[in-house]
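A short write-up of the structure that comes next.
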Amino acid sequence: MSDTAETKLYEPPAALAGQAHVSGRAAYDKLVAEAEADYEGYWARLARELVTWKTPFTQVLDQSDAPFFKWFADGTLNVSYNCLDRNIERGLGDKTAIVFEADDGAVTKVTYSELLARVGKLANALKARGVKKGDRVVIYMPMSIEGVVAMQACARIGATHSVVFGGFSAQSLRDRIEDAGAVMVITADEQARGGKHLPLKSIVDEALAMPGTGSIKDVIVYKRTGGNIAWKDGRDLWLHELSAAAPEHCEPEWVGAEHPLFLLYTSGSTGKPKGVQHSTGGYLLHAALTTKWTFDLKPDDVFWCTADIGWVTGHTYITYGPLALGGTEIVFEGVPTYPDAGRFWKMIERHKVTIFYTAPTAIRSLIKAAEANDAVHPKSFDLSSLRILGSVGEPINPAAWEWYHLHVGGGRCPIVDTFWQTETGGHMITPLPGATTLVPGSCTLPFPGITAAIVDETGNDVPNGQGGILVVKKPWPSMIRTIYGDPERFKKSYYPPELKGYYLAGDGAIRDEKTGYFTITGRIDDVLNVSGHRMGTMEIESALVSCTDLVAEAAVVGRPDETTGEAICAFVVLKRPRPTGDEAKAIAKQLRDWVGKEIGPIAKPKDIRFGDNLPKTRSGKIMRRLLRSLAKGEAITQDTSTLENPAILDQLAQTN
Ligand code: WT7
């Protein structure tokens with residue numbers, strides 16, 4: 001982004017900056033310099049300050065098996081001890097840890113002592129069912145206190161959790177269970193969202209009826225709605241019954257810093273999602289540190305991250321970061337538009353939220369609603385409790401940024417536009433609210449200690465003002481450790497040989513000539529970002545062609561979308577003559593539902609088009625650039641002389 005005369009700058013508010021954990025730009029620069037002067041010493045200092053170790057580490061960074069880096073490897077700790085017991089020992093036992101607001105508005109609160117008791121009971125119950133350190137446990141839960149309890153209970157006994165977002169299908173759940181070799185699923189009878197009850201347990205039943213799931217011994221069920229569900233004796237167990245029978249005290253399992261805390265599956269550029277494996281010590285450090293510095297979390301704050309625990313944002317900024325710091329946080333079950341699009345603003349007012357962290361897609365859709373109806377406009381609510389706003393998951397366009405700043409933040413709250421990824425564990429490039437001058441649309445500068453840079457295809461630095469490939473030059477504590485079960489894919493995906501040993505993020509970026517500020521320009525691989533959800537184009541293509549009765553071939557591309565950032569557009573060749581009119585509409589719907597069943601509703605293509613063929617080069621390669629233009633509705637200006645059948649372009653330009 002060029003620093004034109006129109007670019008508006010937003011200085012940190014003086015009062016906030018004066019009190020902030022990182023106070024003023026000089027303080028930021030000092031931290032960056034400290035990390036530069038003694039990289040390991042910097043991280044070691046913070047790891048001692050923010051994490052309580054059972055056995056202190058003596059090693060910091062171990063690069064002997066690069067790119068499989070190890071941090072604090074001989075230290076031992078327990079994450080749940082750090083998030084619960086430690087806060088109680090510090091006198092926070094009666095402090096509210098979680099304020100849960102259900103879909104219907106009912107509020108439940110738990111203190112740190114209560115949360116520890118619930119975690120201890122479930123942890124003991126898991127142990128009694130034979131779950132051991134290192135076992136993988138799949139969590140398929142609604143947004144709930146129990147979801148957080150389930151994750152923390154796994155952490156307490158050293159089991160590695162793998163949370164699967166409740167919107168994923170039985171097939172996706174099955175794939176993740178099999179890949180992880182999980183021994184248990186923790187789920188709920190149903191979830192309540194937007195006034196409706198949606199199935200969870202029945203989807204688990206469906207997944208477990210598929211081959212490849214024989215490793216699962218038990219299914220633990222949290223009773224959320226009391227809806228009717230099937231029950232398999234000997235396999236299915238009620239969470240409340242198990243917990244009632246279990247003792248509260250559960251000695252934490254002290255694990256090595258590199259012990260895998262969790263796997264989280266995410267989309268890459270091939271059809272198969274990757275099980276991103278995170279560590280215990282390095283991950284916890286960055287979760288706590290970024291919560292402290294990026295959100296400036298203080299004892300009196302009420303922190304609300306609207307993400308689902310099924311995504312990494314929910315892991316780091318709901319289950320781990322805020323609790324590690326002894327904060328008070330909101331967990332919300334529902335959706336931003338129920339009972340109306342004023343729900344977020346109403347909840348901020350009701351719970352006096354001070355730090356609010358959400359995704360640009362949500363903001364953009366709420367802008368539309370607010371502009372059409374004053375009753376759901378932020379101005380109709382008292383949002384004066386807010387002091388910091390955050391954005392995550394996709395680029396925030398300057399217009400949405402300005403609206404968020406003015407109407408939600410009352411013009412007084414800094415917006416931290418946090419760039420990071422499932423693989424990075426926590427924030428990588430982000431403003432610090434008391435230190436960074438903001439420029440709408442820019443995620444500004446690297447978090448202190450993160451060596452983000454922009455390079456060309458051979459790993460050489462490109463000058464500011466010139467776009468390139470976003471990399472991280474040095475390993476950092478919360479980085480992905482491997483792809484579960486596929487170390488080769490880990491190396492290939494993140495450490496390609498031509499990039500000099502730098503971590504490849506998969507995004508393009510550009511730095512401002514004057515300020516050095518980063519702007520993310522979007523993925524450079526075949527990964528789409530729809531409403532802040534990461535989707536692999538190949539994954540959607542595989543789902544489409546698995547509809548073998550109908551589909552011969554499919555190609556998926558993204559196109560810009562005003563609300564969701566990107567939208568999925570699929571070009572399909574059927575095994576029958578190309579349909580038109582109502583028939584085309586009906587088949588498009590059928591395919592959309594098919595993808596919804598194969599992957600989950602978030603993967604349903606917005607736009608499906610049919611052709612007798614796809615545009616290909618002579619060697620048979622699909623010309624995706626042409627498809628991207630067609631998806632956008634642009635006239636084709638590229639050279640099409642190599643196309644076998646140029647008439648298909650007219651076919652593929654037609655929407656259904
Ligand atoms: C991809 C990672 C970060 C947790 C949620 C998404 C995009 C993320 C930003 C931002 C521009 C962003 C990138 C990244 N992204 N945050 N602030 N500005 N783009 O995690 O599902 O692993 O997706 O989301 O493309 O690579 P994820």
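When a residue number appears, it is its place in the shown sequence, counting from 1. Start at 1 and go down the list; that is how both ligands and their atoms are numbered. Predicted model, so just to flag it, every value in this text is computed and none were measured.
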Measure the distance from [atom] to every protein heavy atom, then report the residue, atom name and distance (to 0.1 Å) of the closest one.
atom: atom 5 (C) of ligand 1; value: Thr313 OG1, 3.4 Å
atom: atom 23 (O) of ligand 1; value: Arg534 CD, 3.4 Å
atom: atom 14 (C) of ligand 1; value: Asp507 OD2, 3.2 Å
atom: atom 11 (C) of ligand 1; value: Pro395 N, 3.2 Å
atom: atom 10 (C) of ligand 1; value: Glu394 O, 3.6 Å

Ring centres of His315 and Trp311 under 6.0 Å apart?
no
Does Asp525 come within less than 4.0 Å of Arg523, counting only side-chain N to carboxylate O?
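Looking at Arg523 together with Asp525, the answer is yes, because their closest N to O distance falls below 4.0 Å.
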Taking Glu178 first and then Arg174, would you say they form a salt bridge - that is, a charged N and a carboxylate O separated by under 4.0 Å?
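Salt bridge between Glu178 and Arg174, a charged N being under 4.0 Å from a carboxylate O: yes.
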Any atoms of ligand 1 less than 4.0 Å from a non-hydrogen atom of [X]? List them with their elements.
X: Val312; value: 4 (C)
X: Thr422; value: 20 (O), 21 (O), 22 (O), 27 (P)
X: Val392; value: 3 (C), 4 (C)
X: Asn529; value: 7 (C), 24 (O)
X: Trp420; value: 2 (C), 3 (C), 4 (C), 8 (C), 14 (C), 16 (N)

Parallel, tilted or perpendicular: ring planes of [X] versus [Y], cut at 30 and 60 degrees:
X: Trp304; Y: Phe344; answer: perpendicular
X: His161; Y: Tyr320; answer: parallel
X: Tyr357; Y: Phe295; answer: perpendicular

Does the N or O separation between [X] and ligand 1 drop below 3.5 Å for any pair?
X: Gly393; answer: yes
X: Asp417; answer: yes
X: Thr266; answer: no

Hey, which of Tyr503, Trp43, Phe447 is the one that makes ring-ring contact (aromatic ring centres under 6.0 Å, His included) with Trp476?
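With Trp476 as partner, Tyr503, Trp43, Phe447 yield a single ring-ring contact (aromatic ring centres under 6.0 Å, His included), made by Tyr503.
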Heavy atom under 4.0 Å from ligand 1: found in His533's side chain, backbone, both, or neither?
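For His533, no heavy atom sits under 4.0 Å from ligand 1.
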Give a yes/no on ligand 1: does Trp311 have at least one heavy atom closer than 4.0 angstrom to it?
no
Arg176 to Phe168, cation-pi by 6.0 Å centre distance and 45° axis angle:
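Yes; both conditions hold, so Arg176 lies above the ring face of Phe168.
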Between the side chain of Thr266 and the main-chain N/O of Thr422, is any donor-acceptor distance below 3.5 Å?
no
Among Cys443, Pro360, Ser442, exactly one meets side chain to side chain contact (heavy atoms under 4.5 Å, CB included) together with Ile396. Which residue is that?
Pro360
